[in-house]
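Chain A is the first sequence line, chain B the second, and so forth, proteins listed ahead of strands; every chain is numbered from 1. Small disclaimer: the values here were computed from a predicted structure and weren't measured.
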Amino acid sequence: MKELKIGCGKPTGSKVGEAEKEEKPMEKSENKKEDIMASVSVGTKAPDFEAPAYQDGNFGQVKLSDYLGKWVVICFYPGDFTFV
Amino acid sequence: MAAVATKYEDLKKLDVEVLSISVDSHFVHKIWQEEELSKMVEGGVPFPMLSDAGGKIGSIYGVYNEAGGVNTRGRFIIDPDGIIQAIEILTPPVGRNVSELFRQIQAFQLVRNSKGSEATPSGWQPGKPTLKPGPDLVGKVWQEWKVENAF
């Protein structure tokens, strides 16, 4: 993992393997946001993101596009200490 | 999460990295690991546990539940080119099936390695016959593949 620099997880606003756009995703207009959401479907590039992470006793920073060239499984789940 | 952790070595053999992600902070992930996960699976969860406070990433992936303030169970298989190959989204009370995850990854890898010349029919498992899509197969799937093969 890279050194932890960001406070919270955020989309980079670009797709994996594509150049990052200059504007911050959260500053985009609602239309732009919908564009990105509508594009999350099978057969399309995954939206890139960065997030703080915990692994093996350490905190660090993970960026999805750092894993290009490998298969990646992303597992979203409701919360730590839940039962399933 | 513990179930995936148990099979992590097998996933790595398939060149798969796992990223788990919830709205919890990385601090909470640490305590969950130490207090519970490490007691469910030896060594605890070995892959990065990401924090999506506020659900910004979950929103982009279409799995953030605003009413609950949490991400639902969304599982995405992404290939080495960064292309999403599979999506499975479940409401919170029902857990996933790691065996099905393995089956799908192996199927997608087979298709990729064959450069699209092979496809895996319903219920395919590693070692079972595949189909070779093309003009010759049209109308002839019934000869190549039996419904019993799906089970």
> So among A/Leu68, A/Leu64, A/Val73, which one has a side-chain contact (heavy atoms from CB on, under 4.5 Å) with B/Ile78?
A/Leu64
> Locate the shortest heavy-atom distance separating B/Pro48 from A/Ala53; write the atom from each residue and the value.
CB-CB, 4.3 Å
> Assess whether side-chain contact (heavy atoms from CB on, under 4.5 Å) is satisfied between B/Phe76 and A/Val40, documenting all intermediate values.
CA-CA 10 Å; B/Phe76 298 76; A/Val40 173; 4.0 Å; yes
> State, yes or no, whether a side-chain contact exists between B/Asp79 and A/Trp71 at a heavy-atom distance under 4.5 Å.
yes
> In this structure, would A/Val62 and B/Val63 fall into the same cluster of hydrophobic residues linked by side-chain contacts under 4.5 Å?
yes
> When rounded to the nearest 0.5 angstrom, what is the spacing between CG in B/Asp15 and OH in A/Tyr67?
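Those atoms lie 12.5 Å apart.
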> Consider only side-chain heavy atoms of I, L, V, M, F, W and Y, link residues closer than 4.5 Å, and tell whether B/Trp124 and B/Leu137 are in one cluster.
no
> Rounded to the nearest 0.5 Å, what separates atom CD1 in B/Ile84 from atom OG in A/Ser41?
7.0 Å
> Take atom CD in B/Gln143; do more than 12 heavy atoms of anything else shown fall under 6.0 Å from it?
yes
> Under a 4.5 Å cut-off applied to non-hydrogen side-chain atoms, are B/Ile21 and A/Ile74 in contact?
yes
> Checking B/Leu101 against chain A: side chain, backbone, both or neither under 4.5 Å from a heavy atom?
side chain
> Would you compute the distance between atom NZ of A/Lys70 and atom CD of B/Glu17 and round it to the nearest 0.5 angstrom?
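Going from NZ on A/Lys70 over to CD on B/Glu17, the span is 6.0 Å.
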> Which answer fits B/Phe108, side chain, backbone, both or neither, if we ask what part of it has an atom under 4.5 Å from a heavy atom of chain A?
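Looking at B/Phe108, backbone and side chain both touch chain A.
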> For residues B/Phe27 and A/Phe59, establish whether the separation of their ring centroids is below 6.0 Å.
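Here the rings of A/Phe59 and B/Phe27 have centres that are less than 6.0 Å from each other.
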> Between NE2 of B/His29 and CZ of A/Phe81, what distance do you get to the nearest 0.5 Å?
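Taking NE2 in B/His29 and CZ in A/Phe81, the distance rounds to 11.0 Å.
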> Can you tell me which portion of A/Phe49 sits under 4.5 Å from chain B's heavy atoms? Options are side chain, backbone, both or neither.
side chain
> If you count the non-hydrogen atoms of other residues, nucleotides and ligands that lie under 6.0 Å from NZ in B/Lys115, is the total more than 12?
no
> Does atom NZ of A/Lys63 have more than 12 heavy-atom neighbours from other groups under 6.0 Å away?
yes
> Are B/Ile77 and B/Tyr8 connected in a single hydrophobic cluster, I mean Ile/Leu/Val/Met/Phe/Trp/Tyr linked by side-chain heavy atoms less than 4.5 Å apart?
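Hydrophobic grouping puts B/Tyr8 with B/Ile77.
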> Is there a side-chain contact between B/Pro46 and A/Gln55 in this structure, where contact means two heavy atoms from C-beta onward sitting under 4.5 Å apart?
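In short, these two side chains do not touch, never coming nearer than 4.5 Å.
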> Does the ring center of A/Tyr77 lie less than 6.0 Å from the ring center of B/Trp32?
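So the answer is yes for these two rings.
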> Counting only non-hydrogen atoms closer than 4.5 Å, does B/Ser51 touch chain A with its backbone (N, CA, C, O), its side chain (CB onward), both, or neither?
both
> What option among B/Ile105, B/Ile87, B/Asp52 has the most heavy-atom pairs under 4.5 Å with chain A?
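Maximum pair count with chain A is reached by B/Ile87.
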> Is there a donor-acceptor contact under 3.5 Å from the side chain of A/Tyr54 to the main chain of B/Val28?
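Between the backbone of B/Val28 and the side chain of A/Tyr54 there is no qualifying donor-acceptor contact (under 3.5 Å).
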> Count I, L, V, M, F, W, Y as connected when their side-chain heavy atoms are under 4.5 Å apart, and connections chain through other members. Are B/Met1 and B/Val98 then in the same cluster?
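Yes; B/Val98 is reachable from B/Met1 via cluster members.
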> Grab the two heavy atoms, one from B/Ile57 and one from A/Phe76, that are nearest each other, plus how far apart they are.
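That closest heavy-atom pairing would be CG2-CZ, 4.0 Å.
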> So which atom in B/Tyr61 and which in A/Pro47 form the shortest heavy-atom distance, rounded to 0.1 Å?
OH-O, 2.5 Å
> Which distance, rounded to the nearest 0.5 Å, do you find between the OG1 of A/Thr82 and the CZ of B/Arg73?
5.5 Å
> Side chain, backbone, both or neither: which part of A/Glu50 has a non-hydrogen atom closer than 4.5 Å to chain B?
backbone
> If I compare all heavy atoms of A/Pro78 with all of B/Pro92, which pair ends up nearest, and what's the gap?
CG-CB, 3.8 Å
> Quick check for you: to the nearest 0.5 Å, what is the distance between B/Met49 atom CE and A/Asp80 atom CG?
5.0 Å
> Tell me which of these, B/Gln109, B/Glu36, B/Arg112, B/His26, has more heavy-atom pairs under 4.5 Å with chain A than the rest.
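Option with the top pair count is B/His26.
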